[in-house]
Amino acid sequence: MKPDLGVEICGLKLKNPVMPSSGSFGLPGYEEYMDLNGLGALVVKSITLHPRAGNPPPRIAETTAGMLNAVGIQNPGVKWFIKNDLQRLRRFTPPLIVSIAGTTVEEFAQATELLEKEEGIAAYEINVSCPNIEAGGRAFGMSAAATQAVVAAVKERTRRPIFTKLTPNVTDIVEIAQAAVEAGSDGLTLINTLLGMAIDVKLRRPVLANVFGGLSGPAIKPVALRCVYQVAQAVKVPIIGTGGISSATDVLEFLLAGASAVQVGTANIVDPYIMPKIIADLEKYLEENNAASVREYIGALKTH
Amino acid sequence: MKPDLGVEICGLKLKNPVMPSSGSFGLPGYEEYMDLNGLGALVVKSITLHPRAGNPPPRIAETTAGMLNAVGIQNPGVKWFIKNDLQRLRRFTPPLIVSIAGTTVEEFAQATELLEKEEGIAAYEINVSCPNIEAGGRAFGMSAAATQAVVAAVKERTRRPIFTKLTPNVTDIVEIAQAAVEAGSDGLTLINTLLGMAIDVKLRRPVLANVFGGLSGPAIKPVALRCVYQVAQAVKVPIIGTGGISSATDVLEFLLAGASAVQVGTANIVDPYIMPKIIADLEKYLEENNAASVREYIGALKTH
Amino acid sequence: MNVSHTLTVTKNEDQGAGYFHLVAQAPELARAARPGQFIHVHCAPSVDPLLRRPFSFYRLRPEAGEVEIYYQVVGKGTHLLSRIRSGTKLDALGPLGQGFPLDRKAQRILILGRGMGTAPLIALAEAARTQGTEVSAILSARNSATLVGDRLLASWGVEVITVTDESGTSAPEKVEPLVAAALDRPGTAQAFVCGSRRLARLLKRLAAARGIPAFVSLEERMGCGLGGCLVCACRVRTPEGETYKRVCKDGPVFPLEEVVLG
Amino acid sequence: MNVSHTLTVTKNEDQGAGYFHLVAQAPELARAARPGQFIHVHCAPSVDPLLRRPFSFYRLRPEAGEVEIYYQVVGKGTHLLSRIRSGTKLDALGPLGQGFPLDRKAQRILILGRGMGTAPLIALAEAARTQGTEVSAILSARNSATLVGDRLLASWGVEVITVTDESGTSAPEKVEPLVAAALDRPGTAQAFVCGSRRLARLLKRLAAARGIPAFVSLEERMGCGLGGCLVCACRVRTPEGETYKRVCKDGPVFPLEEVVLG
Ligand SMILES: Cc1cc2nc3c(=O)[nH]c(=O)nc-3n(C[C@H](O)[C@H](O)[C@H](O)COP(=O)(O)OP(=O)(O)OC[C@H]3O[C@@H](n4cnc5c(N)ncnc54)[C@H](O)[C@@H]3O)c2cc1C
Ligand SMILES: Cc1cc2nc3c(=O)[nH]c(=O)nc-3n(C[C@H](O)[C@H](O)[C@H](O)COP(=O)(O)OP(=O)(O)OC[C@H]3O[C@@H](n4cnc5c(N)ncnc54)[C@H](O)[C@@H]3O)c2cc1C
Ligand SMILES: Cc1cc2nc3c(=O)[nH]c(=O)nc-3n(C[C@H](O)[C@H](O)[C@H](O)COP(=O)(O)O)c2cc1C
Ligand SMILES: Cc1cc2nc3c(=O)[nH]c(=O)nc-3n(C[C@H](O)[C@H](O)[C@H](O)COP(=O)(O)O)c2cc1C
Ligand code: FES
Ligand code: FES
């Protein structure tokens, strides 16, 4: 018998636990290259209330087994998104998760209000890694209070499940996770990128026009796994794990650590066809290891 | 003319900016394999007041372009160190930097007192990444106040320069750096390892007996560079950069970001002969690029 | 459309001056591709380098089932690529991006390339010649060893003017009259530039003055190559003001008038 | 002493069951090395895998300038190693660690190996035979295909007893009388074990009861291999209590009585 790859998170039924991470996979767009209906869920690039042009190029720097990006949440704004992208994305069968970002609590709130009126959205992901311009530019996700404020503002305005996506650039990710859950976050996504930098020695300049960028890819997997495990020990809500995942065993590592589903980011950028491969490999692995369901792995890490 | 590789940090004259990082290079020990006098400085594995057995094995996990270690500061204690290791290490010409760790402020203080009586130590490095057992086990370096307390306690007991070695596992490394400098740290070393984890899917277990470990190696270089740059913008004291360095261009990247010298860690574990190679390559690079002195690179990053 | 292809390298030859010419079997790709489009190549099956590298088509030979690229060794990726032997399989995505909008009825076009930037213009010139369009070429380079495709163009009956830094002929003020003369040639319907912001600015001005549609192929650091990650931004002027477009998906070829050349 | 060597692989042969036999030219290393010591190999010139992999000497042939290892493909490093062709250069550190303290005057020794753990015992047996010492060997494995070195030993006149899981002969209670008998054989001066904690515990008990010095070669995940990073800890009993020693530098060979077998 084929193993069961299905998982359920906050009422979302996913036919497998693998979905793209926000910003790493063109949605809409990639339906041109492949069948999107095989994915566990669809997650769009973070949307803000107002359109954002993003940062000047270069926006990407390759690092050893990783990359830095400084896209700056370029996006057409929530109204354009609803009118154009959402129409196109509704056609697909996997649950649609809309990532919301903002630079003030009010922006998050208004974006949520607009999205809430629309059909075809299964859940929100709250990207708190944006600079909080009302509090000196530090990301919301770097403060428990700011995270709580954003989550509460979104929660008030929606009946859909919300996943707060945490940044690892903090002293205590458990504290932030607990704050998000207290404020009503139904689930958590972790992790967003690590703050990093690359330098071109010949030019004596940062590679990125923005100087700093977010580190992602295989390099950060150990940090992501640690964050997922720490948070899973401390909260009861479902976790979507992300950070450096590029294979079926990577997926199982995150499930063992306590994630109920995973997102693939940088690996999509390297190979847009990696998710279908991972899903197929996952099925094969479970079959070979006589696991009836992928759910057997969730939180099943033995530490004694 | 040969380029000048010499740098001076807090009065320590280094004939080149390259030294091993604490714990990654056998001192004493490696004199059996090579000439240690070609290095910029010698840094010993962190020493604690009392001997420490360290963690049970496995203590190492390989990760993509990096490794996790959970040695647990195994060391013979400061008295044994003074009686045995220090005798052997004094014979070498590069300045000797003794790394001190502890789990209470008092332990740091007492270890310093004992070391202070001994000849042949050029400076101390204060490793604040150990769990602070008086404050719930969180590392000293994760709190500005705890860092300040440790630094002040050491500073009171020594006339030698001290370098506080910061952990990157914090929300704001600049805040911790400033606290250390205010408390009298003459210089800073950054970064120590990132907290991470690895999982063995077959065994459904963490690879490390300690579950968590410190991530090091090329994978973390972008984070290290970012930390060095951020801190260099904010403090005036010299910085020793470390994290993923394995080539001469890596060294120059850290100098451009604001470091005055660098430490090589994981790269020594991969190749014990890498530091002499890096030093030779550094000289060659400077020569080819018509730089009279390596000091031209320190803090010379152009960001406009 | 599945844009993932396995290329079988049939030739990967050192051309001197750090330039290489790679030919590969990839019948479907060769059929689907158009001049100005590119492939996104995984230079080694490894995490270091992690990302793919973009290369324009230098020649397309659907009848032979082959595609060709011409590349310069500049860093880790191209270094690894240069060491690949015949018979090796290469993982590439393609054809990607928008190619050159060659006018079927153009009597003549002008191509203006510098250094390695000439590579995609060769594929364009070949397509133009095949449809009977005349081609004027002005090729610039540091020195004669780093000129790309000049002999190939000549063999197709293209009038090639070469200018080099070495010979002091490549300064903008010296190239300007050459470009102007080429544009002024009767029948010149389109102009294309690649490989130099300076030349692009020059062509933009001269072509605009004459009302000749002109296009540039841009380069920017890429991630996905498919329009999904938004890292390959280039600044463009739209009716609503300046914004960013994606070099990989909206380009790499853009109307020159649209592009903000920094 | 410079412990960095460039090995030139002269043979790297699949032995079935995922086992490989690698022979390499490395004259200095072959001269300096002793049975029980190991080399620390960079399986690929890359950051993935980043770390070296330790392998015991399987045979040392200083006269031929060659060293040999026998290894099993278990993960990324050994997989890459298995794909290396003759003529390839390998970067290795060695000889590292403390070898087997073979008594020059021993009349007979016992070697007790399981699976791949037999590899270093082969080098030991060869040295023993060369100095005229008799060798009794008890080799254990999952099945006969995964026995290591049994024929080689036999060719040196070693009495080899093989036990396998497959044939139901390898259970501790079945092996115990064999080990006891071998130890009781007149002249048996030392015993050595590798490849199984269970067998090590068994030998520890039986050898201690007879006052025969016994040694084990341990395995632990390694970093530097030179004693510098302290990651390869193994638990030992010292006069001052239990503590950790370094498998790479203080071992891999330890007196059995000293080791805490978990
Ligand atoms: C659409 C397009 C078409 C191209 N066509 C060709 C061609 O036909 N022939 C040719 O020789 N080169 C071409 N290039 C440039 C080529 O992609 C780079 O030279 C190559 O990526 C360098 O990789 P590297 O690893 O050797 O260099 P590194 O400097 O080590 O690369 C580091 C990173 O920077 C990126 N990068 C470096 N230089 C460039 C560049 N000029 N453009 C974009 N990314 C860069 C790399 O892709 C990589 O991500 C093209 C670029 C683009 C965008
Ligand atoms: C002193 C010593 C001598 C050895 N001699 C031999 C030999 O002669 N023949 C042989 O086949 N094997 C030997 N081994 C085991 C061999 O080192 C491992 O099988 C090998 O490192 C596995 O690498 P991998 O990349 O294939 O596996 P992976 O599982 O991918 O390796 C992941 C990490 O775990 C480490 N690791 C995995 N298994 C072991 C192990 N058993 N011991 C130590 N580290 C391990 C690897 O070195 C690496 O750091 C020896 C080990 C030691 C410590
Ligand atoms: C190019 C790029 C753009 C990204 N954009 C977003 C974004 O808009 N919103 C967000 O929450 N995360 C964004 N991320 C972060 C990823 O979703 C993901 O959390 C992170 O890259 C770690 O996963 P990975 O290592 O698999 O890439 C982006 C990452 C990359 C590489
Ligand atoms: C095996 C190992 C042991 C270490 N032990 C110490 C230590 O005792 N004290 C300390 O301050 N840092 C210790 N570190 C951290 C390193 O000194 C260094 O800060 C870190 O590894 C980052 O540098 P790298 O990427 O070059 O390894 C250790 C690192 C490793 C890999
Ligand atoms: S490279 Fe990803 S959008 Fe262009
Ligand atoms: S592996 Fe480094 S001390 Fe043994």
Side-chain angles (χ1 to χ4, degrees), chain B residues 20-35 44-46 51-76 200 202 207-209 213 216-219 221 244 246 265-274 276-277, chain D residues 1-6 32 40-54 74-78 91-97 218-238 240-251 259-260 262:
Chain B
S21 81
S22 177
S24 67
F25 194 80
L27 290 174
Y30 278 20
E31 64 275 16
E32 182 184 339
Y33 308 115
M34 73 193 80
D35 176 18
V44 302
K45 167 102 190 142
S46 298
R52 280 172 65 106
N55 292 324
R59 292 179 174 181
I60 185 171
E62 190 178 60
T63 68
T64 310
M67 58 170 274
L68 293 163
N69 89 81
V71 172
I73 321 263
Q74 176 180 336
N75 81 90
D200 185 321
K202 282 278 172 213
V207 176
L208 300 173
S216 61
K221 199 185 73 176
S246 66
T266 301
N268 290 323
I269 292 177
V270 175
D271 178 3
Y273 298 101
I274 196 123
K277 278 180 215 155
Chain D
M1 184 181 55
N2 186 332
V3 290
S4 172
H5 298 276
T6 302
H40 210 26
V41 179
H42 216 172
C43 295
S46 142
V47 295
D48 183 37
L50 183 71
L51 300 172
R52 291 170 185 271
R53 302 294 191 256
V74 301
K76 198 181 280 180
T78 48
D91 162 7
L93 303 175
L96 305 183
L218 294 179
E219 287 189 9
E220 189 46 73
R221 287 173 185 245
M222 288 187 181
C224 66
L226 299 179
C229 73
L230 309 187
V231 305
C232 59
C234 68
R235 199 139 189 91
V236 294
R237 201 164 286 125
T238 68
E240 298 84 41
E242 282 191 17
T243 179
Y244 291 113
K245 282 199 172 177
R246 299 162 302 180
V247 169
C248 71
K249 183 77 185 172
D250 306 312
V259 173
V260 181

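Heavy atoms only: backbone and side chains are in, while hydrogens, waters and symmetry mates are out.
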Validation row: D/C229, B/F25 side chains within 4.5 angstrom (heavy atoms)
no
SG/D/C224 to OH/B/Y30 distance, rounded to the nearest 0.5 angstrom?
3.5 Å
Under the side-chain contact (heavy atoms from CB on, under 4.5 Å) criterion, do D/R221 and B/V207 qualify, and how do the steps go?
CA-CA 10 Å; D/R221 287 173 185 245; B/V207 176; 3.7 Å; yes
Looking at B/P57 and D/A233, what are the two nearest heavy atoms and their distance?
CG-O, 3.2 Å
Quick check on D/K76 against chain B: is it the side chain, the backbone, both or neither that has a heavy atom closer than 4.5 Å?
neither
Under the criterion side-chain contact (heavy atoms from CB on, under 4.5 Å), I'd like the reasoning laid out for B/Q74 against D/R246: C-alpha separation, chi angles, the key distance, then a yes or no.
CA-CA 11 Å; B/Q74 176 180 336; D/R246 299 162 302 180; 5.6 Å; no
Could you look at B/Y273 and say if it's the side chain, the backbone, both or neither that has a heavy atom under 4.5 Å from chain D?
side chain
Below 4.5 Å, heavy-atom pairs only: which of B/E31, B/E32, B/M34 has the largest tally toward chain D?
B/E32
Would you check, one step at a time, whether the test side-chain contact (heavy atoms from CB on, under 4.5 Å) holds for D/L50 with B/T266?
CA-CA 9 Å; D/L50 183 71; B/T266 301; 3.8 Å; yes
Got a salt bridge between D/R53 and B/E62, using NZ or NE/NH1/NH2 to carboxylate O under 4.0 Å?
yes
Heavy-atom pair of closest approach, residues B/M67 and D/L51:
SD-CD2, 4.1 Å
Looking at D/Y244 and B/A53, what are the two nearest heavy atoms and their distance?
CD1-O, 3.0 Å
Is B/P56 in contact with chain D via its backbone, its side chain, both, or neither, using a 4.5 Å heavy-atom distance?
both
Does any heavy atom of chain D fall under 4.5 Å from the side chain of B/P58, the backbone, both, or neither of them?
both
So D/L230 and B/K45, side-chain contact (heavy atoms from CB on, under 4.5 Å) or not? Walk me through it.
CA-CA 10 Å; D/L230 309 187; B/K45 167 102 190 142; 4.1 Å; yes
Specify the closest pair of heavy atoms between D/L93 and B/P272, including all atoms of both residues, with the distance to one decimal.
CD1-CD, 3.7 Å
Name the option with the most non-hydrogen atom pairs under 4.5 Å to chain B; the candidates are D/N2, D/V47, D/L226, D/D48.
D/L226
Determine yes or no for a side-chain-to-main-chain donor-acceptor pair under 3.5 angstrom, with D/R52 supplying the side chain and B/V270 the backbone.
yes
Chain B heavy atoms under 4.5 Å from D/H42: which part of the residue, side chain, backbone, both or neither?
side chain
Which atom names give the shortest non-hydrogen contact between B/I60 and D/M222, and what distance separates them?
CD1-O, 3.7 Å
For B/N55, is it the side chain, the backbone, both or neither that has a heavy atom under 4.5 Å from a heavy atom of chain D?
backbone
Within this structure, what is the OG-CD1 distance for the pair D/S4 and B/I274, rounded to the nearest 0.5 Å?
11.0 Å
